[in-house]
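Here's the structure, in structure tokens; my notes come after.
Both counts, for ligands and for their atoms, begin at 1 and track the order of listing. Quantities reported herein were computed from a predicted structural model and do not represent experimental measurements.
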Amino acid sequence: MPRLRAPVRPLPQRAWLITVPLAAAAILLTVAAQAGHSVPAERWAVAALYFGLFLAAEQTNVQFEVRRQRWNASLSEVPLLLALFYLPPLPIVVARSTAQLIVYLRRARTPEKVWFNVANAGAATAVAILVTQTLVLLKGDAGPRSWLVLTAAVAANALVTTCTVTGVIALVQGRIPTGHLVRAAVSGFAVSSVNIVLGLAVLLIIQQSPWAVVLLVALLSISVLLYRSYQQLMSQHRRLTELYDLVRAVRAAPDGMLYDVVLRHVRQLLRAEYATLWLPAKGRHLEVRLSARADDEGLVDVVLTPDSMRRRAVEQDRIVAAGPKIGDEETQQELQRAGVKDAIVVPLHSGSAVIGTLEVAGRLGDDSASQFTKGDVQLLETVAVHAAVAVENSRLVDRLRYDAYHDGLTGLPNRRRTTEALEESVAVRAPGEVVAVLLFDVDRLRDVNESLGHAAGDKLLIEVANRLRTHAPPAALVGRVGGDEFVVTLRAESAEAAAELAVELRGLVCDPMVFDALTLDVDLAIGVAVHPDHGSDPETLLRRADVAVTAAKGQPGGVQVFSVGLESRSVRRLELAGDLRRALDDGQLEVYFQPKVTLTDRRLVGVECLARWEHPAHGAVAPEDFVAVAEHTGQLGRLTEAVLREGLRRCRDWADADRPLSIAVNLSPRTLVDPAFPAQVEALLGEYGVPPEQVTFEIKEDGVTGPTDRPIPTLRRLRDLGVRLAVDDFGTGYSSLSYLRRLPVHEVKIDRTFVQGMATDPGDHAIVRAVVALSLQFGLTVVAEGVESELTLDLLKDMGCEIGQGFLFSRPLPYERLEAWFNARTETEPTPLGEVRKLRAVT
Ligand code: C2E
Ligand code: CA
Ligand code: CA
């Protein structure tokens with residue numbers, strides 16, 4: 001008898017719509033067929049035998065697998081065929097319907113299903129009887145004519161059953177796919193044909209000799225035994241194939257579909273109503289609690305298994321299963337309370353650690369065979385091993401991907417991720433909006449690292465990252481794009497609005513940071529570049545924000561919006577690197593000399609050596625530019641040596657010409673980090689035969705102190721050589737006046753901006769006065785730079801400042817012009833120390 005796949009859900013009330021008419025038809029047709037004939041008692045005895053045969057045949061629900069298709073077959077048509085031949089109508093219907101009733105009651109089906117199947121068996125049997133009566137089956141004649149009649153009758157039985165089953169399934173489940181229908185019909189009729197042939201053969205044998213029944217029973221028993229072992233083999237084979245399919249599907253699962261693939265396969269493999277994966281929240285990963293459910297396409301976050309089972313599986317690290325055929329009593333009761341038939345929970349392992357659970361609940365189908373077995377538990381355990389590996393692998397891949405896009409220290413998106421995000425942002429143009437790039441540079445991070453250790457530097461960076469994250473607008477992306485560089489990108493109204501935000505953020509982030517006993521002051525410089533004004537791709541925007549941040553460092557507000565003017569300088573500097581190397585090789589660098597003069601009587605006391613470079617293509621390059629290029633391209637040492645040699649050579653010349661003149665040479669802070677520098681100076685002094693006290697090194701204020709506010713050791717070694725040291729550009733840095741005393745210096749050069757401003761700005765005036773007073777008190781020589789007017793000169797003289805340097809006396813001059821200059825403007829004057837040159841007063 002053909003059977004369509006049993007509906008998953010119990011037949012609802014609607015099934016009665018078919019069951020009741022079927023029952024009515026069965027009764028009516030049987031009564032009509034039996035009308036006018038009585039059934040002798042001994043016939044009922046034979047009917048009892050047939051009842052047994054029907055019962056046995058229904059039990060032989062065999063399954064075959066042909067070309068990976070499952071075929072269900074029952075032998076119940078064989079006794080039907082025999083009964084049609086040997087029994088009157090009523091006993092046939094009664095025997096068959098009763099057998100059906102018993103079978104379905106034992107399978108514990110719902111009343112709807114039991115009665116449908118009973119009515120169906122009754123009706124189909126009645127129709128078959130009707131066919132034998134219509135075509136006139138001659139009892140006692142087992143010849144070909146009877147074969148045809150019996151074939152037609154059994155076929156009619158199959159047809160009715162197919163129609164009613166299809167009808168009831170359609171009624172319950174809605175439309176049935178045509179494919180299913182065709183397959184069911186074909187399988188049904190194939191099975192029926194086999195049954196008919198078998199039935200006819202049995203009929204003929206019995207006709208030959210009733211004793212043949214004994215042989216038939218023996219044959220049947222052997223077949224059943226063989227079939228049993230075949231079925232076991234088949235089901236093992238099927239499970240292996242399904243397991244193999246699962247493993248392959250999991251391995252090939254597309255990105256992000258892993259859970260979906262695992263759960264769908266597990267559910268199918270174990271024929272469960274629910275297959276569930278549970279992974280607790282871990283690190284960045286949120287909790288996963290997903291199920292594949294029968295009749296649902298995607299995954300749902302509904303779980304059937306009780307939490308207590310899962311908890312026990314994880315805590316005790318063991319499989320927890322419960323159901324009619326598996327597990328313990330206690331769990332079984334728990335399940336029943338939850339209204340679940342059976343369930344298996346298997347822990348997932350990574351090494352020896354439990355990383356989650358794989359669960360199935362509710363074996364599909366509602367007959368006694370539809371329950372999880374020990375075999376299912378083993379199967380799920382095997383699947384869980386593969387699933388755990390797959391989950392671990394996918395998390396590993398996820399981790400690698402995350403690491404590739406995030407900064408390990410702060411957890412912020414890294415340069416790569418930031419660039420990609422920027423790329424996405426600039427692709428979307430919104431009128432009245434710009435994409436702003438705010439580049440934050442943490443000032444003096446190197447100092448913190450060097451003086452307090454990298455742990456402190458790390459803390460500082462993490463804190464800056466946290467503050468940026470907290471204070472940046474919610475829609476902004478905060479990333480770390482370099483050691484001490486952070487980026488905030490967001491959409492803003494305009495570049496100005498972005499700059500305002502930068503100022504605000506700087507204020508919020510720059511609060512002192514307290515780490516236990518340590519309080520760190522951070523300073524941030526911020527460069528702003530916006531799309532589309534300053535560039536259309538992330539690289540350009542970031543580079544230009546970088547240009548702006550470099551400019552921002554020198555500014556009080558610490559914020560600078562990019563402008564083309566800024567870039568030209570840095571771009572030029574970049575181009576200059578190679579040219580500078582050639583210039584140093586070819587001696588293209590020149591040294592100019594600017595006189596230092598006593599203010600009271602304008603005596604020439606020395607010259608400052610200032611490097612000059614006439615670029616063959618660009619013309620004169622500002623010393624700030626090429627000094628910076630030299631610093632960043634490792635050529636500083638050569639530059640300093642070139643200037644120092646030229647200065648010493650001229651110093652020697654002047655001494656040889658009986659006009660001794662001291663020289664001052666500028667040093668960059670980086671030169672002082674070079675421990676070999678003092679020895680090199682000593683060697684050069686020896687080479688040119690210049691006494692050390694004739695040489696002054698000018699070091700900018702920021703360069704004289706190390707990160708801990710202690711003088712750099714090189715300074716002391718230079719001083720021990722006997723050369724003089726001067727603090728250049730005094731007043732522009734961070735150090736306080738009192739601190740001058742602790743430095744091993746001889747001279748202070750007041751920055752020219754104060755000197756230039758002192759005639760008009762009372763603030764500058766006060767600063768210069770204070771510096772002069774204090775320096776004198778500490779016994780230091782004070783030099784005022786940038787003296788441009790007589791008024792300034794007078795003010796400086798009044799304060800007691802001794803020496804000046806500036807355009808009022810002379811611009812920096814090349815050696816020959818300096819010679820001419822001071823021949824024309826000086827007269828030698830004998831003093832107790834020898835002759836000195838004195839400038840003629842210029843009025
Ligand atoms: P600095 O050491 O402060 O040099 C003095 C600068 O002030 C010189 O600029 C000079 O031309 C300028 N100056 C002198 N008198 C006046 C004045 O009355 N008014 C105005 N407005 N300016 C005046 P210069 O030559 O352009 O040098 C700039 C800076 O470049 C120097 O500042 C120094 O820091 C650096 N530098 C120059 N040569 C060297 C060198 O050989 N080595 C190193 N490391 N740095 C150098
Ligand atoms: Ca200087
Ligand atoms: Ca200076």
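- Of all atoms in ligand 1, numbered sequentially from 1 with element shown, those under 4.0 Å from a heavy atom of P812 are 11 (O).
- The closest approach between K749 and ligand 1 stays at or above 4.0 Å for every heavy atom of the residue.
- Here the options are T519, D521, I462, V522, the test is side chain to side chain contact (heavy atoms under 4.5 Å, CB included), and the partner is M513; only V522 passes.
- Of all atoms in ligand 1, listed by their number and element, those nearer than 4.0 Å to a heavy atom of S668 are 44 (N).
- On a distance-only criterion, F807 and ligand 1 share at least one N/O pair closer than 3.5 Å.
- Between the CG atom of L661 and the CD atom of Q694 there is a distance of 8.0 Å, given to the nearest 0.5 Å.
- Shown in contact with V627 at under 4.0 Å from a heavy atom are these atoms of ligand 1, numbered in order with element: 45 (N), 46 (C).
- At a cut-off of 3.5 Å, with distance as the only test, no side-chain donor of W613 or E590 sits close to an acceptor on the other residue.
- Short contacts between ligand 1 and D729, defined as distances under 4.0 Å to a heavy atom of the residue, involve ligand atoms 3 (O).
- Metal site remark for the Ca ion (ligand 2): D728 contributes an N, O or S atom at a distance under 3.0 Å.
- Taking each of E631, K700, E698 in turn, the one with a heavy atom nearest to atom 33 (C) of ligand 1 proves to be K700.
- Residue contact check: V787 has heavy atoms under 4.0 Å from atoms 18 (O) of ligand 1.
- Counting only distance, with no hydrogens or angles, the side chain of D751 and the backbone of T753 share a donor-acceptor pair below 3.5 Å.
- Taking all heavy atoms of N666, L808, D728 into account, the minimum distance to atom 42 (N) of ligand 1 is reached by N666.
- Between R811 and ligand 1 there is no heavy-atom distance shorter than 4.0 Å.
- Per-residue contacts place Q756 under 4.0 angstrom from the following atoms of ligand 1 (heavy atoms of the residue considered): 19 (N), 20 (C), 21 (N).
- In this model, no donor atom of one side chain and acceptor atom of the other lie less than 3.5 Å apart for Q588 and E614.
- To the nearest 0.5 angstrom, R652 atom CZ is 13.5 Å from R650 atom CZ.
- Counting only distance, with no hydrogens or angles, the side chain of R467 and the backbone of V509 share a donor-acceptor pair below 3.5 Å.
- Between OD1 of N666 and OE2 of E608, the angle at the Ca ion (ligand 2) works out to 90°, rounded to 10 degrees.
- Between Y815 and W654, the ring planes are tilted. Angles from 30° to 60° get that label.
- S668 places no side-chain N or O within 3.5 Å of a backbone atom of T671 that could act as its donor or acceptor partner.
- When the N, O or S atoms of E698 are ranked by distance to the Ca ion (ligand 2), OE1 comes first.
- Among the atoms of E785, no N, O or S atom falls under 3.0 Å of the Ca ion (ligand 2).
- Contact atoms of ligand 1 toward V643: 41 (O) (distance under 4.0 Å to a heavy atom of the residue).
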Show me the side-chain donor-acceptor pairs of residues 681-693 shorter than 3.5 Å, one per line, residues at least two apart or across chains.
from : atom 1 : to   : atom 2 : distance (Å)
E687 : OE2    : R645 : NH1    : 2.9
Y688 : OH     : R645 : NH1    : 3.1

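- Among residues at least two apart or in separate chains, salt bridge (charged side-chain N to carboxylate O under 4.0 Å, His left out) pairs with a member in residues 798-822 are R659-E819.
- Backbone and side-chain nitrogen or oxygen atoms of Q805 are examined, and none is located within less than 3.5 angstrom of a nitrogen or oxygen of ligand 1.
- Proximity to E624 (heavy-atom distance under 4.0 Å) selects the following atoms of ligand 1: 28 (C), 29 (C).
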